Visitor: 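Can you read through this structure? Questions will come right after.
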Amino acid sequence: MPTRHAKVVFRAGSGKPLAVLRLTVQPQPHEVHQVFRFYHPELTFLKKAIRLPPWHTLPGAPVGMPGEDPPVHVRCSDPSVICETQNVGPGEPRDVFLKVASGLSPEIKDFFVTIYADRWLARPVQIWQVHLHSLQRVDVSCVTGQRTRLSLVLRGTQAVRKVRAFTSHPQELTTDPKGVFVLPPRGVRDLHVALRPRRAGGRFVRLNVVDVDCQQLVASWLVCLSCRPPLISKAFEITIAAGEGRGAHKRITYTNPYPFRRTFHLHSDRPDLLQFKEDTFQVQGGETYTIGLRFAPGREAGEEEVLIYINDHEDKNEETFCVKVIYQ
């Protein structure tokens, strides 16, 4: 922030100058106590309640009588943001309520929330910096351990760009093209996405397309996953010695239910605990194949459940085995 200069003149009642003061003002950036970053679908309202810590623990808070809470006021640097707090009873937790309208993807809205604990709003006790990322929402329903494919439309800008896709969950979401590719001006290109979630339930995965030359965000998506668990066809129980510093090798069998030769792919929801001798195998119709497993050593006694996904050549789930690993 630039330095500002001002001249202050002190005059007598007759108007005669008594003193001249040259004032130099050097603005300093204010302190930020907390930073909040929210990812929300574009053109919707974000409604969020953020709980304040106990008022007496805030630095600079006035000292009141026992059981007496000071008045809390909040102000926002963006007048389009609705920001308020409600008075509650003594000892009750207090929340700051925010209502923010998100813009078009990939817009980022930045603003500050200032919290005061005095009636004159003279000294802030907390200053928050809030970043709201607007993303295009994509809803996907899938099965755990099975690959789901979809295409996203990527629109070009006025200039040619070299872009690359980045994701918050690279182990579960991959893109094609993988590396840097050219986005033509005012053109449309498909970005192919493959999803293989490792656990069931609902969660969010972020996908960004970034200009690698100028480090600018070109497009952003919020992939909303709804993952259902697969049907478990077999269950096994394996006991491994814990604390010895070495893993264990085990074997299980799989029979090809088809009358012709098929290729199968192996995946696991716990690659940190289980590795396969071969990730891909072929077996004739009706014949049995032995799957080699290597389990990581366990430091402490306990139990872990590992799911083994047997997928076909299109990465669709054929069968799922559940292995209960007992470390003792």
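Owing to the predicted nature of the structure, the values given are computational and were not obtained by experimental measurement. Because only heavy atoms are used, hydrogens play no part in the values below, and waters and symmetry mates are left out as well, while side chains stay in.
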Visitor: Is the shortest heavy-atom distance from the side chain of Asp95 to the side chain of Leu52 under 4.5 Å?
Guide: no
Visitor: Would you please test Phe281 and Phe264 for ring pair (Phe, Tyr, Trp, His ring centres under 6.0 Å) and show each step?
Guide: CA-CA 6 Å; Phe281 65 92; Phe264 298 95; 5.6 Å; yes
Visitor: What closest approach, in Å, do Gly103 and Ser134 show between heavy atoms, and which atom pair accounts for it?
Guide: N-OG, 3.1 Å
Visitor: Closest heavy-atom contact between Phe45 and Ala101?
Guide: CE2-CB, 3.6 Å
Visitor: Under a single-linkage definition using a 4.5 Å side-chain heavy-atom cutoff for Ile, Leu, Val, Met, Phe, Trp and Tyr, are Val325 and Leu293 assigned to the same hydrophobic cluster?
Guide: yes
Visitor: State, with a plain yes or no, whether a side-chain heavy atom of Leu231 is found less than 4.5 Å away from one of Thr320.
Guide: no
Visitor: Tell me whether Val143 shares a hydrophobic cluster with Leu195, the cluster being built from Ile, Leu, Val, Met, Phe, Trp, Tyr side chains joined at under 4.5 Å.
Guide: no
Visitor: Please evaluate residues Ile115 and Val72 with respect to the criterion side chain to side chain contact (heavy atoms under 4.5 Å, CB included), reporting the C-alpha separation (whole Å), side-chain torsions for both, the decisive distance (0.1 Å), and the verdict.
Guide: CA-CA 7 Å; Ile115 303 170; Val72 175; 3.8 Å; yes
Visitor: Yes or no on ring pair (Phe, Tyr, Trp, His ring centres under 6.0 Å) for Phe112 and Trp128, after CA distance, side-chain angles and deciding distance?
Guide: CA-CA 6 Å; Phe112 294 93; Trp128 298 344; over 10 Å; no
Visitor: Consider only side-chain N and O atoms of Gln171 and Arg196, and report whether a donor and an acceptor are under 3.5 Å apart.
Guide: no
Visitor: Is it true that the side chains of Thr255 and Thr288 contain a donor and an acceptor less than 3.5 Å apart?
Guide: yes
Visitor: Can you hop from Phe36 to Leu98 via hydrophobic side chains spaced under 4.5 Å?
Guide: yes
Visitor: Rounded at 0.5 Å granularity, tell me how far OG1 in Thr263 sits from CD in Glu314.
Guide: 12.0 Å
Visitor: Got a second to check how far Gln129's CD is from His33's NE2, nearest 0.5 Å?
Guide: 13.0 Å
Visitor: So His265 and Thr280, side-chain hydrogen bond (donor to acceptor under 3.5 Å, both in side chains) or not? Walk me through it.
Guide: CA-CA 5 Å; His265 303 275; Thr280 302; 3.1 Å; yes
Visitor: Hydrophobic cluster membership, with links at side-chain heavy-atom distances under 4.5 Å among I/L/V/M/F/W/Y: are Val74 and Phe38 in one?
Guide: yes
Visitor: For Leu132 and His40: C-alpha separation, side-chain torsions, deciding distance, then whether side chain to side chain contact (heavy atoms under 4.5 Å, CB included) applies.
Guide: CA-CA 7 Å; Leu132 175 60; His40 202 66; 3.8 Å; yes
Visitor: Would you indicate whether the side-chain heavy atoms of Phe295 and Lys250 approach each other to under 4.5 Å?
Guide: yes
Visitor: Walk me through whether Arg262 and Glu318 qualify under salt bridge (charged side-chain N to carboxylate O under 4.0 Å, His left out).
Guide: CA-CA 11 Å; Arg262 294 292 296 266; Glu318 290 281 350; 3.7 Å; yes
Visitor: Looking at every non-hydrogen atom in both residues, tell me the closest pair between Arg155 and Leu183 and how far apart they are.
Guide: O-CD2, 3.8 Å
Visitor: Quick one, Gln146 with Asp315, criterion side chain to side chain contact (heavy atoms under 4.5 Å, CB included). Give me CA distance, side-chain angles, the key distance, then yes/no.
Guide: CA-CA 6 Å; Gln146 177 175 291; Asp315 223 351; over 6 Å; no
Visitor: Does a salt bridge link Asp176 with Lys178, judged by any charged N lying under 4.0 Å from a carboxylate O?
Guide: no
Visitor: Taking the six-membered ring for Trp, are His133 and His131 parallel (under 30°), tilted (30 to 60°) or perpendicular (over 60°)?
Guide: tilted
Visitor: What I want to check is whether the side chains of Arg261 and Gln282 have a donor and an acceptor closer together than 3.5 Å.
Guide: yes
Visitor: Check whether the side chains of Glu42 and Ser102 place a donor and an acceptor atom closer than 3.5 Å, and report yes or no.
Guide: no
Visitor: Looking at side-chain heavy atoms only, is the closest gap between Ile310 and Asn317 below 4.5 Å?
Guide: no
Visitor: When you measure from the side chain of Asn311 to the backbone of Gly145, do you find a donor-acceptor pair of N or O atoms at a distance under 3.5 Å?
Guide: yes
Visitor: What do the steps show when you test Tyr258 against Gln284 for side-chain hydrogen bond (donor to acceptor under 3.5 Å, both in side chains), and what is the final call?
Guide: CA-CA 8 Å; Tyr258 298 95; Gln284 297 292 340; over 6 Å; no
Visitor: Test Thr148 against Val193 for side chain to side chain contact (heavy atoms under 4.5 Å, CB included), laying out the working first.
Guide: CA-CA 8 Å; Thr148 301; Val193 177; over 6 Å; no
Visitor: Report yes if some heavy atom in the side chain of Leu266 is under 4.5 Å from a heavy atom in the side chain of Tyr309; otherwise report no.
Guide: no
Visitor: For Gln215, I'd like to know if atom CD has over 12 heavy atoms of other residues, nucleotides or ligands within 6.0 Å.
Guide: yes
Visitor: In terms of heavy-atom contacts, does CD of Glu287 have more than 12 from other residues, nucleotides or ligands at under 6.0 Å?
Guide: yes
Visitor: Using the test salt bridge (Lys or Arg N to Asp or Glu O under 4.0 Å), find all partners of Asp190 that sit at least two apart in sequence or belong to another chain.
Guide: none
Visitor: Spell out, yes or no, whether Leu135 and Leu225 are grouped together once hydrophobic residues are joined by side-chain heavy atoms under 4.5 Å, including indirect joins.
Guide: no
Visitor: Has Arg206 got its NZ or CZ under 6.0 Å from the middle of the six-membered ring of Tyr39, at an angle within 45 degrees of the ring axis?
Guide: yes
Visitor: Grab the two heavy atoms, one from Asp269 and one from Leu307, that are nearest each other, plus how far apart they are.
Guide: OD1-N, 2.8 Å
Visitor: How many angstroms lie between CG in Asn208 and OG in Ser168, if you round to the nearest 0.5 Å?
Guide: 8.0 Å
Visitor: Nearest 0.5 Å, please: how far is CD1 in Ile127 from CD in Glu31?
Guide: 7.0 Å
Visitor: Can you name the closest pair of heavy atoms from Arg198 and Arg203 and give their distance?
Guide: N-NH2, 3.8 Å
Visitor: Answer yes or no: is there a side-chain heavy-atom contact under 4.5 Å between Tyr289 and Asn256?
Guide: no
Visitor: Between Arg270 and Glu304, is there a side-chain N and carboxylate O pair less than 4.0 Å apart?
Guide: yes
Visitor: A side-chain contact here means heavy atoms from C-beta on lying under 4.5 Å apart; do Leu191 and Trp221 qualify?
Guide: yes
Visitor: What closest approach, in Å, do Arg251 and Gly292 show between heavy atoms, and which atom pair accounts for it?
Guide: CG-CA, 4.4 Å
Visitor: Taking atom CZ of Arg199 and atom CD of Glu172, what is their separation to the nearest 0.5 Å?
Guide: 7.0 Å
Visitor: Got a salt bridge between Lys162 and Asp213, using NZ or NE/NH1/NH2 to carboxylate O under 4.0 Å?
Guide: no
Visitor: Taking side chain as C-beta onward, heavy atoms only, is Val113 less than 4.5 Å from Val130?
Guide: yes
Visitor: Could you measure the distance from the CZ atom of Phe111 to the SG atom of Cys83? Nearest 0.5 Å is fine.
Guide: 7.5 Å
